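To start, the structure itself, in structure tokens.
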Amino acid sequence: MEFDVAVLPGDGIGPEVIAQALKVLQTVGEKFGHSFHLHDGLIGGVAIDTLGTALSDETLKMCRQCDAVLLGAVGGSKWDDPQAKIHPEDGLLALRKGLALFANLRPIKVFPMLVDSTNLKPEVIKGVDLVVVRELTGGLYFGQPKKQWQTPEGRQAVDTMAYSEMEIERILRVGFELALNRRKKLISVDKANVLQSSRLWRQIAIEISADYPDVELQHMLVDACAMRFIQRPADLDVLVTENMFGDILTDEASMLAGSMGMLPSASLAGVPRGRTFGMYEPIHGSAPSRAGQNLANPIATILSVAMMLRYSFALETESQTIENAVLAILEQGYRTYDIMSEGKIRVGTKEMGDLIAQKVRG
Ligand code: IPM
Ligand code: MG
């Protein structure tokens, strides 16, 4: 089959990890007889420097014409000045909104061979296999009003957590559908003891659950949820939550896996079913201090390609081939710096990509 993929490497280590992910993608193409046509675009700091905007209309249009988007990372200290008019992150937010990618899937899986390479006790994180479904185009990130202004008493600022019924319903349905194919348990995370938007969220969750009699729905307050992630994470399966809550919880959850360098993500424009348009990116940032040194762990981006094959191309076998190759290479003891431990074989970004591509080739 033929597929068009928009490729936005971005800043810092973005281009390096993307290069390895593309190598693995092309290897899948050769092995299974698919053609992946790549279309390059600029996003983030590099787009600000060359085009004066973090996301150009042309890039957005190009992404819309493709079957999926693969993104590296955006940002860096060079563009960090809070006074600056545009920030690299604006490009990412505009892309999410512009492509209507409302459902962000962030699976957190602890690889058995890495249970000793985190700060947490192995018995706590053993068996962790959960997915956070983060609402990505609404909530506190996008609600209006959103501004800073001057008053006679001093400066003021406001952000707004706003949700419509439609926005809440569609993200909850993604959660329920995923739960159906997993442990049939859905945790809806909110702050309904304080926030009106959360009370509506909880009410709609209860209403929608009638359509999913096989899924057990549980509500959890976001602060309690943060605690549960550290306390008994292996009990958690599918969680669904507001944009900002999901942002915070997934950074916390990523520490269960030892390194952010291991974690992929998918941002989808619909309930995953057949071929769903989406954008795929590692959950880590651009790590400017690691850039250009062949250090970065490309596994998160490679696993993001596996998610792309699954959700946007409906190529489940191909997807699993990549996931199994990653497992096999870790099993053989190869490690990038971030997951290195005694007695293992230290490799760089490119070597890790080569090893996984070779394994995919079989
Ligand atoms: C993430 C990141 C982004 C977010 C930033 C870079 C805007 O932290 O994808 O989690 O806050 O959504
Ligand atoms: Mg984040």
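Remember, it's a predicted structure, so these values are computed and weren't measured experimentally. Just so you know, ligand 1 is whichever comes first in the structure, and atom 1 is the first atom listed for that ligand.
- Among all non-hydrogen protein atoms, the one lying nearest atom 4 (C) of ligand 1 is Y141 OH, 3.4 Å.
- The proximity of R96 to ligand 1, defined as any non-hydrogen pair under 4.0 Å, is limited to the side chain.
- Side-chain contact of Q20 with E16: a donor-acceptor pair under 3.5 Å is absent, judged by distance alone.
- Within the cation-pi definition used here (under 6.0 Å to the ring centroid, within 45° of the axis), R134 does not qualify as a partner of F245.
- Per-residue contacts place R106 under 4.0 angstrom from the following atoms of ligand 1 (heavy atoms of the residue considered): 1 (C), 9 (O), 10 (O).
- Between R273 and E177 there is a salt bridge, with a side-chain nitrogen of the basic residue lying less than 4.0 Å from a carboxylate oxygen of the acidic one.
- Side-chain atoms of Q65 and H39 form no donor-acceptor pair, as typed in the model, at a separation below 3.5 Å.
- Between the side chains of S259 and D338, at least one donor N or O lies within less than 3.5 Å of an accepting N or O.
- In this structure, a donor-acceptor pair under 3.5 Å is present between the side chains of S267 and N104.
- For a distance bound of 2.8 Å, the N, O or S atoms of D251 include none lying that close to the Mg ion (ligand 2).
- Interface atoms of ligand 1 facing R134, defined by a heavy-atom separation under 4.0 Å, are 1 (C), 4 (C), 9 (O), 10 (O), 11 (O), 12 (O).
- Classification of E323 and R310 as a salt-bridged pair holds, one side-chain N sitting under 4.0 Å from a carboxylate O.
- Among protein heavy atoms, the minimum distance from atom 8 (O) of ligand 1 is reached at D247 OD1, 3.3 Å.
- Residue E89 has no nitrogen or oxygen atom sitting less than 3.5 Å from a nitrogen or oxygen atom of ligand 1, judged on distance alone.
- When distances from the Mg ion (ligand 2) to the N, O or S atoms of D247 are compared, OD1 comes out shortest.
- Residue E281 places no heavy atom under 4.0 Å from ligand 1.
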